[in-house]
**Q** 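For reference, the structure I am asking about is given below.
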2 protein chains.
Amino acid sequence: MNQRQALTSFAALSQETRLQIIRLLVVAGPEGLAAGALAEKLEVSPSNISFHLKELEHSGLIGAQRQSRSIIYTANYESLGGLIRFLMEDCCSGHPEICAPAAVVATCCTPKMEEKLQ
Amino acid sequence: MNQRQALTSFAALSQETRLQIIRLLVVAGPEGLAAGALAEKLEVSPSNISFHLKELEHSGLIGAQRQSRSIIYTANYESLGGLIRFLMEDCCSGHPEICAPAAVVATCCTPKMEEKLQ
DNA sequence: TCAATAATTAAAGGACTATTGAAATATGAA
DNA sequence: TTCATATTTCAATAGTCCTTTAATTATTGA
């Protein structure tokens, strides 16, 4: 993740519909969700969800693949992780105390680490 | 950090000059940097840096305080940490594997955790 | 092939954002 | 007070982004 990618990722996440799409796709997991399902859940028009999905796809935060008549979108976990790292590396280079609270969240996600910290 | 704050934070970070301001302020630490110093480092006009600083201040990612003739800007570590947590909590609710790589960065920032993990 | 479904693309508008240059405000020093 | 410094504010312009509607593409089944 370079600065160029981070900028487009931040731009992608700075719009309400798109941020909600990401949240839904992250929770949906590898099976993803169809464009129509997202439009229905978020109560926006098909063309509008399509517009935002294209923005997110262009940023690399999501991926798409056709499945019959539907197009299934999935969160790109590497890109999302990369963006988090980008933010954290910046703060690490200066003042690690920014990262400390994030580390707490990180440990709650990684059981193996939690065990070691007992 | 709620979704409303996250949206304005992402918008604030989605512009090159503003992202660079944040990076400079994070590295600068609690002493911060004057508006003029930032303008000089980033080679933008005083009025332009002022515009972007106001955007960042409005988002809560930075703070300001006058010191003699200069206005000193500092990174708001709590907001930055909160934004990182916001991104990570979303992924935790779904698929923790996003957080795992971030946790590696987090440990490099928190020496105490690194010791425990030995 | 024809109709239905799922989604995208295109065009037009209105709204917001960024940049520039000039004028205004605030502070400190002579 | 007057001048210089540091920064902000204002107004105008250009550019970008979001939404809407209508038209188009792709796929499936009768």
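Chain letters run A, B, ... following the sequence lines, proteins first and then strands; every chain starts at 1. Everything quoted here is computed from the prediction, not taken from an experiment.
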**Q** For B/T8 and B/R4, run side chain to side chain contact (heavy atoms under 4.5 Å, CB included): C-alpha distance rounded to whole Å, both residues' side-chain angles, the deciding distance at 0.1 Å, then the answer.
**A** CA-CA 7 Å; B/T8 53; B/R4 173 82 188 72; 2.9 Å; yes
**Q** Would the distance check show the side chain of B/R23 and the main-chain N or O of B/L25 forming a donor-acceptor pair, the cut-off being under 3.5 Å?
**A** no
**Q** On a heavy-atom basis, which atom in B/H52 and which in B/I21 lie closest, and how many Å separate them?
**A** CB-CD1, 4.1 Å
**Q** Quick one: which protein N/O atoms are closer than 3.5 Å to N/O atoms of nucleotides 10-14 of chain D? Pair and distance per line, please.
**A**
none

**Q** Who are the side-chain hydrogen bond (donor to acceptor under 3.5 Å, both in side chains) partners of A/S79, not counting sequence neighbours?
**A** A/N76
**Q** Give me the atom names and distance for the closest heavy-atom approach of B/Y77 to B/P30.
**A** OH-N, 4.0 Å
**Q** Could you give the side-chain donor-acceptor pairs of residues 40-50 of chain A under 3.5 Å, partners two or more places apart or in another chain?
**A**
from: A/S45; atom 1: OG; to: A/N48; atom 2: N; distance (Å): 3.1

**Q** Please list residues of residues 48-58 of chain B whose heavy atoms come under 4.0 Å from any atom in DNA chain D, ordered by number; otherwise none.
**A** B/S50, B/K54
**Q** Nucleotide range of DNA chain C contacted by chain A, 5' to 3', under 4.0 Å to a heavy atom?
**A** C/dA4 to C/dT9
**Q** Within the 4.0 Å heavy-atom criterion, would you say A/A11 contacts the bases, only the backbone, or no part of the nucleic acid?
**A** nothing
**Q** Give the intermediate values and the outcome of side chain to side chain contact (heavy atoms under 4.5 Å, CB included) for residues A/F51 and A/T17.
**A** CA-CA 10 Å; A/F51 169 81; A/T17 302; over 6 Å; no
**Q** Heavy atoms only: give me the nearest B/A12-B/L61 pair and the separation to one decimal.
**A** CB-CD1, 4.1 Å
**Q** Examine B/I22 and B/I72 and state if one hydrophobic cluster contains both, with Ile, Leu, Val, Met, Phe, Trp and Tyr joined whenever side-chain heavy atoms are less than 4.5 Å apart.
**A** no
**Q** Using the rule given for side chain to side chain contact (heavy atoms under 4.5 Å, CB included), can you reason through B/Y73 versus B/L24, listing the C-alpha separation, both sets of side-chain angles and the distance that settles it, and then say yes or no?
**A** CA-CA 10 Å; B/Y73 287 89; B/L24 287 173; over 6 Å; no
**Q** Hey, can you pull the residues of residues 35-44 of chain A with a non-hydrogen atom under 4.0 angstrom from DNA chain D?
**A** none
**Q** Could you run down nucleotides 23-30 of chain D 5' to 3' and tag each one B, S or - for protein heavy-atom contact under 4.0 Å?
**A** ---SBB--
**Q** Is the phosphate of D/dA6, meaning OP1 or OP2, less than 4.0 Å from a side-chain N or O of B/Y73?
**A** no
**Q** Who are the side-chain hydrogen bond (donor to acceptor under 3.5 Å, both in side chains) partners of B/S59, not counting sequence neighbours?
**A** none
**Q** What verdict does the side chain to side chain contact (heavy atoms under 4.5 Å, CB included) test give for A/E55 and A/R18, after you've listed the backbone C-alpha separation in whole Å, the side-chain angles of each residue and the deciding distance to 0.1 Å?
**A** CA-CA 8 Å; A/E55 293 278 305; A/R18 290 197 295 262; 3.7 Å; yes
**Q** Any side-chain heavy-atom pair from A/I71 and A/L53 closer than 4.5 angstrom?
**A** no
**Q** Please report the shortest heavy-atom distance between B/Q5 and B/M1, naming the atom on each side.
**A** OE1-CA, 3.2 Å
**Q** Does A/E16 have any side-chain contact (heavy atoms from CB on, under 4.5 Å) partners at least two apart in sequence or in another chain, and if so, which?
**A** A/Q20, B/Q3, B/L7
